[in-house]
Amino acid sequence: MKKVLIIGGTGMVASRFVDLTKKILDITSIDEKTLDITDGIAVEKYLEKNKFDAVVNFAAFTNVDAAEKETGNEEGLTYRLNVLGPKNLAEYCNNNNTFLVHISTDFVFPGTEGQPGPYDEDAPLPETPTGIGWYGWTKNRAEVMIQSTSTDYAIVRYAYPFRAAPFELKSDWARGVIKLYEEKKLYPLFTDQTQSVIFIDDLVEPLVKIIDGKLNGVFHIASKDTTTPHEIASYLLEKYVGKPVELEKGLMAEFLKAPGRTPRPRVGGFKVEKTQAKLGVQFKTWKEMVDEFVSQLNKQ
Ligand SMILES: NC(=O)c1ccc[n+]([C@@H]2O[C@H](COP(=O)([O-])OP(=O)(O)OC[C@H]3O[C@@H](n4cnc5c(N)ncnc54)[C@H](OP(=O)(O)O)[C@@H]3O)[C@@H](O)[C@H]2O)c1
């Protein structure tokens with residue numbers, strides 16, 4: 001069994017991954033209280049004392065709007081956690097023959113009409129932050145740093161994760177849609193945003209393959225097709241309530257024009273063919289992921 005360190009193990013995505021893999025990997029799951037990855041000396045000390053075959057970094061500053069308030073501030077928590085933390089891990093792993101898996105996001109790309117998705121695994125990363133928010137830019141810079149300093153690494157990108165297993169600390173987009181619908185507070189949903197999604201349980205097989213095989217490169221783990229927020233929420237709610245629902249439609253292009261909005265990919269999403277071929281797996285469609293999500297919710 002591979003000895004694997006999961007950093008950010010109490011987070012929304014990682015905590016589910018850990019629950020589903022603890023019998024197939026020898027996992028140590030930690031959060032900030034055990035190791036603050038922004039502290040380079042602490043990282044070195046911890047990883048010297050506790051040896052692992054692979055280090056998987058899920059930790060990040062993930063509040064996209066809060067991150068935006070720190071734009072340009074390399075002393076701020078967003079930059080320190082999303083760039084310096086991964087740098088500390090990459091330096092240690094590189095010098096000590098340890099495989100590093102770094103978790104990333106579709107937000108590293110602008111998702112604009114000029115540079116549209118769906119992006120494939122080899123799509124060049126933008127070299128300027130134009131059209132990218134501070135969260136996405138810091139995740140972008142971490143990828144560039146890892147690719148230039150590491151020799152034995154995987155960068156794993158996914159987008160719009162959701163889970164049926166309860167998680168108290170924060171709500172994912174799917175739970176949010178159900179809650180707002182039930183409270184009759186659901187706002188108009190975008191019909192002009194292209195997105196991929198990932199049901200978190202479907203991360204397990206591909207991510208374990210990457211960890212077990214120490215597979216290098218950039219991987220996209222996502223639904224094999226793209227959707228829009230309006231389309232996927234309509235399908236999800238129809239399955240959940242058992243009858244078709246009419247949801248109001250909105251335009252993300254209009255939404256993003258309002259002052260103070262955080263830039264986010266509108267014409268985004270991932271291509272996954274190269275990852276599927278490299279791993280020898282077929283990902284589910286977004287409808288199949290939603291079906292499994294609703295089926296698990298109904299059993300709770
Ligand atoms: N959520 C999304 O929609 C989404 C989409 C695409 C990609 N991603 C990526 O997926 C990953 C996981 O996201 P998530 O939303 O599941 O995360 P999350 O729920 O926000 O959890 C973040 C984790 O990072 C840990 N952490 C915070 N500061 C730390 C520090 N200084 N040192 C070590 N650990 C620290 C937290 O531990 P404490 O609780 O102890 O602070 C927590 O375990 C991130 O890399 C994110 O960029 C997320």
Side-chain angles (χ1 to χ4, degrees), residues 5-20 27-47 55-67 70 76-89 92 100-109 111 117 119 132-143 146 154-163 165-177 193 195-203 207 218-223 229 232 262 264-265 268-270:
L5 178 66
I6 304 286
I7 296 173
T10 52
M12 185 182 79
V13 180
S15 60
R16 181 66 180 158
F17 179 76
V18 168
D19 277 350
L20 293 172
I27 285 187
T28 302
S29 169
I30 60 169
D31 62 10
E32 190 185 353
K33 288 180 275 303
T34 306
L35 173 65
D36 175 358
I37 62 167
T38 67
D39 179 343
I41 293 170
V43 166
E44 204 176 326
K45 268 194 192 155
Y46 182 88
L47 290 174
V55 169
V56 185
N57 179 36
F58 281 92
F61 190 93
T62 56
N63 183 330
V64 175
D65 289 327
E70 295 183 1
L77 183 55
T78 309
Y79 189 89
R80 290 194 302 114
L81 182 49
N82 294 0
V83 185
L84 295 184
K87 184 166 186 280
N88 292 332
L89 297 172
Y92 181 88
L100 175 66
V101 180
H102 178 71
I103 301 298
S104 197
T105 165
D106 55 329
F107 278 46
V108 296
F109 295 110
Y119 302 96
I132 302 178
W134 186 238
Y135 162 77
W137 183 243
T138 57
K139 297 289 288 187
N140 168 311
R141 291 298 90 186
E143 287 197 17
I146 288 170
I155 289 171
V156 172
R157 300 184 188 128
Y158 50 72
Y160 294 94
F162 62 118
R163 55 185 281 174
F167 184 69
E168 302 302 329
L169 297 178
K170 73 178 183 193
S171 177
D172 59 62
W173 64 267
R175 293 249 175 194
V177 161
Q193 180 188 2
Q195 60 175 168
S196 301
V197 298
I198 182 72
F199 183 55
I200 297 172
D201 298 25
D202 292 320
L203 264 181
L207 192 45
V218 177
F219 298 86
H220 288 173
I221 305 182
S223 52
I232 195 168
T262 304
R264 294 160 199 269
F270 288 134

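Start at 1 and go down the list; that is how both ligands and their atoms are numbered.
For the residues Glu32, Lys139, Met12, Arg16, the heavy atom positioned nearest atom 35 (C) of ligand 1 is part of Glu32. When the heavy atoms of Arg163, Lys170, Lys33 are ranked by distance to atom 18 (P) of ligand 1, first place goes to Lys170. The closest heavy-atom contact to atom 22 (C) of ligand 1, among the options Ser29, Ala42, Ala60, comes from Ala60. Comparing Ala14, Ala59, Gly9 against atom 34 (N) of ligand 1, the shortest heavy-atom distance belongs to Ala59. Considering each of Ala222, Ala159, Pro161, the one bringing a non-hydrogen atom nearest atom 2 (C) of ligand 1 is Pro161.
Of the polar atoms of Phe167, none of the N or O atoms is found under 3.5 Å from an N or O of ligand 1, judged by distance alone. Ligand 1 has no N or O atom lying under 3.5 Å from any N or O atom of Leu81, backbone or side chain.
Remark: Arg16 pairs with Asp201 by the salt bridge (charged side-chain N to carboxylate O under 4.0 Å, His left out) rule, at least two apart or across chains. By the side chain to side chain donor-acceptor pair (under 3.5 Å) test, Tyr160 pairs with Gln193, sequence neighbours left out.
With a heavy-atom cut-off of 4.0 Å, Phe61 does not touch ligand 1 at all. Neither the backbone nor the side chain of Arg157 has any atom closer than 4.0 Å to an atom of ligand 1 (non-hydrogen atoms only). With a 4.0 Å heavy-atom cut-off, ligand 1 is reached by the side chain of Thr62 but not by its N, CA, C or O. Here Tyr135 has side-chain heavy atoms under 4.0 Å from ligand 1, and that is the only part of it that gets that close.
Classification of the Tyr158-Phe58 ring pair by plane angle, with boundaries at 30° and 60°, yields tilted.
Contact annotation: Gly85 has no heavy atom less than 4.0 Å from any atom of ligand 1. Assignment of Ser15 to the shell around ligand 1 is not supported, since no heavy atom sits closer than 4.0 Å. Using 4.0 Å as the threshold, Trp173 has no heavy atom nearer than that to any atom of ligand 1.
Remark: side-chain polar atoms of Arg80 are not paired, donor with acceptor, to backbone N or O of Val83 under 3.5 angstrom. Side-chain atoms of Glu70 do not come within 3.5 Å of backbone N or O of Trp134 as any donor-acceptor pair. At least one donor-acceptor pair closer than 3.5 Å links the side chain of Asn88 to the backbone N or O of Ile37.
Near Leu35, with a cut-off below 4.0 Å to any heavy atom, the atoms of ligand 1 are 32 (N), 33 (C). If you number the atoms of ligand 1 from 1 as listed, the ones under 4.0 Å from a heavy atom of Ser104 come out as 7 (C). Close approach to Phe58 involves these atoms of ligand 1, each under 4.0 Å from a residue heavy atom: 11 (C), 12 (C), 44 (C), 45 (O). Interface atoms of ligand 1 facing Val13, defined by a heavy-atom separation under 4.0 Å, are 16 (O). Listed by number with element, the atoms of ligand 1 under 4.0 angstrom from any heavy atom of Thr10 are 37 (O), 39 (O), 42 (C), 43 (O). Atoms of ligand 1 lying under 4.0 Å from at least one heavy atom of Asp36, given by number and element, are 30 (C), 31 (N), 32 (N).
Paired with His220 under the rule ring pair (Phe, Tyr, Trp, His ring centres under 6.0 Å), one option of Tyr119, Phe109, Phe270 passes, and it is Phe270.
Among all non-hydrogen protein atoms, the one lying nearest atom 32 (N) of ligand 1 is Ile37 N, 3.1 Å.
Side-chain N/O atoms of Thr10 and Lys33 include no donor and acceptor closer than 3.5 Å.
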